[in-house]
Amino acid sequence: MTNAVTSSPKPTALITGASRGLGAAIARELAPTHDLLLGARSADALRDIGQELPEATGWPVELTDYAAVAAATEPIRRLDVLVHNAGIQDLASIAESTVDQWRNTLEANLIAVVELTRLLLPALRAAGGHVVLINSGAGLRANAGWASYAASKFGLRAFADALRLEEPALRVTSIHPGRIDTDMQREIIAQEGREYRPEQFLRAETVAGVVRHAVETPRDGHPTEIVLRPTSS
C-alpha cells in the first residue's frame, strides 16, 4: 500500500471505515476503476486490506480528531468519490442511555461526516464529485433501543438533503441498507441474545455492488436515495 496522494488518470475515491466489513467490500468493488484512499483509525487496521489491494493508498486518521483530519485532507486537491462508511453502533434504550453515549454516537456518525465533507468540498467541486453516505434503515424509521443511533442517521439523511441542494454540481447519494452480515452485526445480535444466522442479512458484497452502481450511474441521472432490504426480512 502506498503512503502518498499521487496524480492518476483514474478517478479517486476515498472510503472511510475501509479496513474491514462493508468498507473493505466497497474498496474491492471500486478498486478496478478507481485510485483508492482507504480510511481507518490506524495504519495497523489497514494492513490486511492493504495487502489485498496493494495499489491503494492508506489514509489512517481518527475522524473525530478534527485537526488531524484537516491535515490529512490538505493534500487532496481533487476527489471524484467520497464514501462515508465509518460509524459506530452503540445501542441502548433511552432510559439506559447516557449523555456520553448520545454525544459519542452523534459525533462519530454525523458531526465527523459533516466536517470531513466540508474540508473536502474544494476537491469534490474540482471533480464534480459524488458523495455516498452509508446510512441505515434506522435513518428512515427508529426502533426501540436504537434511539441515539437512529437520531444520528436521521441527521445524516438531513445533511445529505441539504448538501444536495447547496452543492448542485455534486451528486449526493444516501444508501439505506438493512442489516448486513458483518462482525458488527454479530456483536449486535449477541447483545440482543439471539442466534446469529447470516442468511438473514445482506451480504456486504451486495451493498458494495449497490455503491458501485450508484457511482457508475451516467451523469444525466442523480441517484439520491437507495433503500435495500434483505430478502428474508
Side-chain angles (χ1 to χ4, degrees), residues 5-18 21-40 49 53 55-57 59 61 63 69 72-87 109-136 139-140 153 155-177 180 202 204-228:
V5 179
T6 58
S7 60
S8 169
K10 282 186 179 180
T12 300
L14 168 58
I15 305 164
T16 68
L22 178 57
I26 294 169
R28 295 183 191 103
E29 280 286 333
L30 296 185
T33 53
H34 290 74
D35 281 330
L36 299 181
L37 301 174
L38 302 182
I49 190 65
L53 302 174
E55 295 185 359
T57 299
W59 199 74
V61 63
L63 294 177
V69 172
T73 56
E74 196 279 332
I76 303 174
R77 296 289 182 242
R78 181 183 178 91
L79 185 64
D80 299 272
V81 179
L82 172 58
V83 181
H84 287 289
N85 172 70
N109 292 354
L110 179 58
I111 297 171
V113 171
V114 173
E115 180 61 1
L116 178 58
T117 307
R118 186 188 70 81
L119 289 167
L120 288 172
L121 276 177
L124 288 162
R125 290 168 180 155
H130 194 157
V131 180
V132 179
L133 300 109
I134 304 300
N135 201 296
S136 167
L140 300 171
K153 293 299 189 177
L156 190 64
R157 184 186 182 197
F159 169 66
D161 290 346
L163 181 64
R164 199 176 295 116
L165 293 171
E166 292 182 10
E167 299 289 337
L170 306 183
R171 294 199 293 183
V172 182
T173 303
S174 288
I175 297 181
H176 298 266
I180 305 170
L202 291 162
E205 293 78 10
T206 299
V207 182
V210 170
V211 172
R212 178 176 57 81
H213 285 300
V215 169
E216 292 179 349
T217 299
R219 293 296 303 190
D220 63 310
H222 191 155
T224 56
E225 287 197 319
I226 300 171
V227 179
L228 193 66

Using atom types as modelled and distance alone, determine if a side-chain donor or acceptor of [X] lies under 3.5 Å from a backbone N or O of [Y].
{"X": "Trp59", "Y": "Ala40", "result": "no"}
{"X": "Asn109", "Y": "Gly87", "result": "no"}
{"X": "Thr57", "Y": "Leu37", "result": "no"}
{"X": "Arg171", "Y": "Thr217", "result": "yes"}

Original post:
Is Lys153 close to Leu110 at the side-chain level, that is, under 4.5 Å between some pair of heavy atoms?
Top reply: no
If you look at every heavy atom in [X] and [Y], which pair is closest and at what distance?
{"X": "Leu202", "Y": "Pro177", "result": "CD1-CB, 4.1 Å"}
{"X": "Val172", "Y": "His222", "result": "N-NE2, 2.9 Å"}
{"X": "Gly17", "Y": "Asn85", "result": "O-ND2, 3.0 Å"}
{"X": "His130", "Y": "Ala214", "result": "CE1-O, 3.3 Å"}
{"X": "His84", "Y": "Thr117", "result": "NE2-OG1, 2.7 Å"}
{"X": "Gly128", "Y": "Leu170", "result": "C-CD2, 4.1 Å"}

Original post:
Just one of Asn135, Val211, Leu133 clears the side chain to side chain contact (heavy atoms under 4.5 Å, CB included) bar with Ile175, so which one?
Top reply: Val211
**OP:** Mind checking side chain to side chain donor-acceptor pair (under 3.5 Å) for Thr73 and listing every partner two or more places apart, or none if nothing turns up?
**Re:** none
Original post:
So, Thr12 and His34: side-chain donor and acceptor under 3.5 Å apart, yes or no?
Top reply: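 The answer is no; no qualifying pair exists.
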Original post:
With the threshold set at 4.0 Å, does a side-chain nitrogen-carboxylate oxygen contact exist between Glu74 and Arg77?
Top reply: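 Looking at Glu74 and Arg77, the cut-off is met.
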